[in-house]
Amino acid sequence: MNYSDIHTDIGTWYERCGRHDLPWRKTDDPYLIYISEMMLQQTQVKTVLERFYFPFLDRFPTLKSIAEATLDDVLHAWQGLGYYRRARYIHETARIAAPRLPTDPGELVRLPGIGKSTAHAIAAFSVHAPVPILDANVRRILYRFFARKKATEKELWQLAETLLDRENPYTYNQAMMDIGATVCLPKNPDCDTCPLERKCLGRSAPQDYPAPKRAKNRPVKRRCYLLVENGAKILMRKRKGDLLGGLWELPSTETAPKEGEKLFEIVHDYTHFRRIAELYRYRGKKNPEGEWIDVKELHSIATSSLEKKIFARLQKLTLL
DNA sequence: TAAGCGTGGTC
DNA sequence: TGACCAAGCTT
């Protein structure tokens, strides 16, 4: 199948309707594009644009500046954005690749936290490499355009290669993400304005592609968090492991402490479970493991949003 | 192949 | 409010 007519329509659409003002589209610096791509993984443009992209680059203007920083510093600039693994990968990548990020997809994909789609995005947007992107937007377009209810990763990549405009990969890839984000929406797609409409096999029933996934049940986990005081300091500890790894948190226990006064509960939703945090003011004699942090210094260490919620409530109760 | 990984926006 | 979703990657 020849898609040159579709490619022309996509190019015309992009001129008129593309999101040309996004700051990472006004540069060909691989580092600036890389940071945007990492931040945008599973994260909406609005969030990155309004809260994280510029402050992070003010703090870390070059790959070298990250390589020279501590992981704690990078996590601090990342706090609130979520999926903190990404901050660890960026730190590792900077240590490996500084002062210059490669632009070859094969080299990029070997760096930690850079998969095929991110590698292709960096290559396509910095040096206009003729490689396709397969993000959530393109994925949804492909399912509909080829009328597929299900597809494996391998099949999707093959479809992405099939449809790619090899003569204008930069415009094509940018446009596809914009079309997915503003036209080929998950619900109520605006097919009448879509440049792929003429050859879209799913045009008559876009809601059927892809087939909906069954929602998984989300368990509820209860945990007891401890406010352990010593003058103007409280006890904190640094998390290990994948979940929020590297961030500071309050000490916590599975069961309620015997020598503790319950202050309140906070409900906090993660993607895969709901956390009910019971907060106790701990008055036991034996302190849990941790480090004493001055309450005035809490803003300078990286914590998760749950800790932010707890601290805000404690301040409201003038307990902090 | 599927689960695990955060947070916030949207309807 | 709950369910789904967002410029995915690793194991």
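Throughout, a chain's letter reflects where its sequence line sits, starting with A, and its residues are numbered from 1.
Every pair passing salt bridge (charged side-chain N to carboxylate O under 4.0 Å, His left out) that includes a residue from residues 216-225 of chain A is listed here, sequence neighbours excluded: A:Arg218-A:Asp269, A:Arg222-A:Glu265, A:Arg222-A:Glu278, A:Arg223-A:Glu254.
Looking at which nucleotide of DNA chain B each of A:Asp269 and A:Glu153 is closest to, the 5′-most match is held by A:Glu153. Residue-to-nucleotide proximity on DNA chain C shows that, of A:Arg214 and A:Gly113, the 5′-proximal contact is made by A:Arg214. Summary of the strand contacts: A:Lys216 and A:Gly82 both lie near DNA chain B, and taking for each the nucleotide with the nearest heavy atom, the more 5' one is attributed to A:Lys216.
Between A:Glu153 and A:Arg139 there is a salt bridge, since at least one side-chain N of the basic residue sits less than 4.0 Å from a carboxylate O of the acidic one. Of the charged side-chain nitrogens involved, at least one lies within less than 4.0 Å of a carboxylate oxygen, so that A:Glu161 and A:Arg166 count as a salt-bridged pair. Comment: A:Arg281 engages A:Glu229 in a salt bridge, judged by a side-chain N to carboxylate O separation of less than 4.0 angstrom.
Of the residues in residues 140-150 of chain A, none has a non-hydrogen atom less than 4.0 angstrom from any atom of DNA chain B. Residues from residues 179-194 of chain A with heavy atoms under 4.0 angstrom of DNA chain C, sorted by number: A:Pro186. Of the residues in residues 300-311 of chain A, A:Ser304, A:Ser305 come within less than 4.0 Å of DNA chain B through at least one heavy atom, sorted by number. Within residues 32-60 of chain A, the residues having any heavy atom under 4.0 Å from DNA chain B are, by residue number, A:Gln42, A:Thr43, A:Gln44, A:Arg51.
Listed nucleotides: B:dT1, B:dG4, B:dG6. Nearest to the side chain of A:Tyr84: B:dG6. For A:Arg274, taking side-chain heavy atoms from C-beta onward, the closest of the listed nucleotides B:dG4, C:dT10, C:dG2 is C:dG2. Distances were taken from every side-chain heavy atom of A:Ala215 (C-beta onward) to each of C:dA7, B:dC5, C:dC4; the shortest belongs to C:dC4.
Contact annotation for A:His120: no contact, since no heavy-atom pair falls under 4.0 Å across all strands. Backbone-only engagement by A:Leu244 is indicated by non-hydrogen atom pairs under 4.0 Å involving sugar-phosphate atoms exclusively. A:Ile114 comes within 4.0 angstrom of the backbone, heavy atoms only, and of no base. Counting non-hydrogen atoms under 4.0 angstrom, A:Ala136 reaches the backbone sugars and phosphates but no base.
The aromatic ring centroids of A:Phe145 and A:Tyr3 lie less than 6.0 Å from each other.
Connectivity analysis of hydrophobic side chains (ILVMFWY, heavy atoms under 4.5 Å, direct or indirect) links A:Val109 to nothing; its cluster partners are none. The other members of the hydrophobic cluster of A:Leu226, by chain and number, are A:Val228, A:Leu235, A:Tyr280, A:Tyr282, A:Trp292 (side-chain heavy atoms under 4.5 Å, ILVMFWY only).
The separation of C:dC5 from B:dG6, taken at their C1' atoms, amounts to 13 Å, rounded to a whole angstrom. The same atom, C1', is picked in C:dA6 and in B:dC5; the two are 14 Å apart, to the nearest Å. Nucleotides C:dA7 and B:dC11 have their P atoms positioned 14 Å apart, rounded to a whole Å. Using C1' as the reference atom, C:dT1 and B:dG8 are 16 Å apart when rounded to the nearest Å.
Side-chain atoms of A:Lys309 come within 3.5 Å of backbone atoms of A:Val267 as a donor-acceptor pair (strictly under, hydrogens ignored). When atom types are taken as modelled, the side chain of A:Arg88 and the backbone of A:Gly245 share a donor-acceptor pair closer than 3.5 angstrom.
Note that A:Lys149 lies in the cation-pi zone of A:Tyr209, set by a 6.0 Å cut-off to the ring centre and a 45° limit from the axis.
Looking at residues two or more places apart in sequence or on another chain, you find no ring-ring contact (aromatic ring centres under 6.0 Å, His included) involving A:Trp13. Shown here are the ring-ring contact (aromatic ring centres under 6.0 Å, His included) partners of A:Phe264, two or more places apart in sequence or in another chain: there are none. Legend: residues meeting salt bridge (charged side-chain N to carboxylate O under 4.0 Å, His left out) with A:Lys199, ordered by chain and number and at least two apart, are A:Asp5. For A:Trp24, the ring-ring contact (aromatic ring centres under 6.0 Å, His included) partners are A:Tyr53, not counting sequence neighbours. By the ring-ring contact (aromatic ring centres under 6.0 Å, His included) test, A:His91 pairs with no residue at all, sequence neighbours left out.
One can place OH of A:Tyr83 at 10 Å from C1' of C:dC9, the figure rounded to the nearest angstrom. The interatomic distance linking A:His272 (NE2) with B:dA2 (C1') rounds to 10 Å, in whole Å. The separation between A:Tyr89 atom OH and C:dG8 atom C1' is 11 Å, rounded to whole Å. If you take CZ of A:Arg85 and C1' of C:dT11, they are 9 Å apart, rounded to a whole angstrom. Atom C1' of nucleotide C:dT1 and atom CZ of A:Arg218 are separated by 11 Å, given to the nearest angstrom. In this entry the distance linking CZ of A:Arg275 with C1' of B:dC5 reads 14 Å, nearest Å. When the P atom of B:dA3 is taken as reference, atom CG of A:Leu243 falls 17 Å away, rounded to whole Å. Atom-to-atom, OH of A:Tyr270 to C1' of C:dA6 comes out at 19 Å; the value is rounded to the nearest Å.
Under 3.5 Å, the side chain of A:Thr271 and the base of B:dT7 form at least one donor-acceptor pair of N or O atoms.
In this structure, a donor-acceptor pair under 3.5 Å is absent between the side chains of A:Ser65 and A:Glu68.
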